[in-house]
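Here is the structure we will look at.
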Amino acid sequence: MTSHLLLSLLFLSASTQPPADLYAGRAYSRGGEICFDLPEGLVDWGALGKAALGAEGFDRPSPETLRKYPYFESGGSSNARFEAPVPPQVSDRVWQVLHENGFQPLRPKVLRGEVIYNVNRSFEVLGPPAATGQACGAGSRDKGKAAFVLSGGTAGGWSFAPVKASAEAPGRFAIEFMGSRYRFENPDFAVPRLQKVLVFRSEGSRPLALAVWEADPRCEVMCCEASFSLFALGPEGALQRLEDNGYDCDV
C-alpha cells in the first residue's frame, strides 16, 4: 500500500521569514512524471470528479461500476481515477520541485484525481465519496526522486549546496550552517540512516534543509523507496520541521 502523508502550510516568524503565501507540499516521482499535492482549497476535487464521472456516476455508482475500479482490500475502498485540465489558479503559479539531487521548475500538464468509495464485500457504498488528487508534469530523470514542491512567496531563484551531517546518536543528526548547529531526527517511517542533506536558499526566504533518508529495501520500518524531511533554518540553531514525505511504502 502506498503511504502518503498529509500536506501542511509553511509559516515562520523572523525578520527573514518568507511571505505568508509561500507553500511547501509533498511531491512524488511517478514514472516519467512528477506529481505533487496542491494547497488545500486551491481546486475543488469533488466538483472535478463529478464533472468527470457524471453526477449519477459520482453520487450513486453501481456495484458493477465499482468492481471495475482499483480495489484496495486493506481499506475496503474502490477508487475511481480521472483526469482534468489544469485550471488557471494552478497554471498561473510558479512551482519549484526540490529533488534528492537539486531542484527544477515544473509546469503542471494535467490534474490526476481520485474518488474514493468505502465499500463492503458486495461493493455497496457505505458512505459519501471522498475526492482528492494531485497536479502532474514532466519530470527530470537526472534529478532523482522528487521530495517537495514550493510555490509563491520568493523574490529570487533558488540555489542549493550539500552540507555535512554528523551522527550524534542512532537516528539523531546535526549540521553546521552559517555558524549555527542544527539538530534533527529521522521520522518514524524512515530508517535512522541519513544519506545526505541539501540546503536551499532564496532571496527573502529562510534557508531550507532537505534531509534524504536511505531507502528501506529490507523493510526494517515501512519498506519505503523514498523518504525525505524538510526543515526551515532559523537563527542560533532554531529549526522548524516543515514536512516529512515517504512514498512507495509497503506497510
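A quick note: this is a predicted structure, and the numbers were derived from the prediction, not measured.
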Indicate, with yes or no, if [Y] and [X] share a hydrophobic cluster defined by side-chain heavy-atom contacts under 4.5 Å among Ile, Leu, Val, Met, Phe, Trp and Tyr.
X	Y	value
V43	V86	yes
L53	Y71	yes
V197	F228	no
L194	M222	no
F177	L210	no

Flag if over 12 foreign heavy atoms under 6.0 Å of [atom1], [X]:
X	atom1	answer
R60	CZ	yes
R107	CZ	no
R181	CZ	yes
D188	CG	no

Chi angles and distances behind the side-chain contact (heavy atoms from CB on, under 4.5 Å) call for L98, F103: CA-CA 4 Å; L98 306 186; F103 65 93; 4.0 Å; yes
Gap between atom [atom2] of [Y] and atom [atom1] of [X] - 0.5 Å precision:
X	Y	atom1	atom2	answer
I175	K164	CD1	NZ	13.5 Å
L38	Q89	CG	CD	9.0 Å
L208	R201	CG	CZ	11.0 Å
C136	R112	SG	CZ	5.0 Å
Y117	L126	OH	CG	13.0 Å
L230	Q240	CG	CD	10.0 Å

Show the nearest heavy-atom pair for residues [X] and [Y], with the distance to one decimal.
X	Y	value
V125	P61	CG2-CG, 4.2 Å
L106	A138	CD1-O, 3.0 Å
E243	G25	OE2-CA, 4.4 Å
R193	A215	NH2-O, 4.5 Å
S77	I116	CB-CG2, 3.8 Å
Q104	G139	OE1-C, 3.9 Å

Expected output: side-chain [X] to main-chain [Y] donor-acceptor under 3.5 Å:
X	Y	result
W95	V90	yes
S229	D244	no
N245	A147	yes
K196	E100	yes
S227	A190	no

Listed partners of Y182 passing ring pair (Phe, Tyr, Trp, His ring centres under 6.0 Å), at least two apart: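 None.
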Run the side chain to side chain donor-acceptor pair (under 3.5 Å) test on Y28 and D37 for me, step by step, so that the C-alpha distance in whole Å, both residues' side-chain angles and the decisive distance to 0.1 Å come before the verdict. CA-CA 9 Å; Y28 317 89; D37 297 332; 3.0 Å; yes
Show, in sequence, the C-alpha distance, side-chain angles and deciding distance for I34 and H99, and conclude whether the side-chain contact (heavy atoms from CB on, under 4.5 Å) test is met. CA-CA 10 Å; I34 293 172; H99 293 260; 3.2 Å; yes
Ring centres of W213 and F189 under 6.0 Å apart?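 That pair fails the under 6.0 Å test.
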Is [Y] close to [X] at the side-chain level, that is, under 4.5 Å between some pair of heavy atoms?
X	Y	result
V115	Y69	no
S166	E176	no
Y23	V149	yes

In this structure, which one of F200, F173, F184 forms a ring pair (Phe, Tyr, Trp, His ring centres under 6.0 Å) with F231?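 For F231, the ring pair (Phe, Tyr, Trp, His ring centres under 6.0 Å) test succeeds with only one of F200, F173, F184, which is F184.
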Check step by step if side-chain contact (heavy atoms from CB on, under 4.5 Å) holds for D248 and R30. CA-CA 10 Å; D248 293 339; R30 301 290 186 212; 2.8 Å; yes
Is there a side-chain contact (heavy atoms from CB on, under 4.5 Å) between L233 and M178? Walk through the geometry before answering. CA-CA 10 Å; L233 306 181; M178 299 292 290; over 6 Å; no
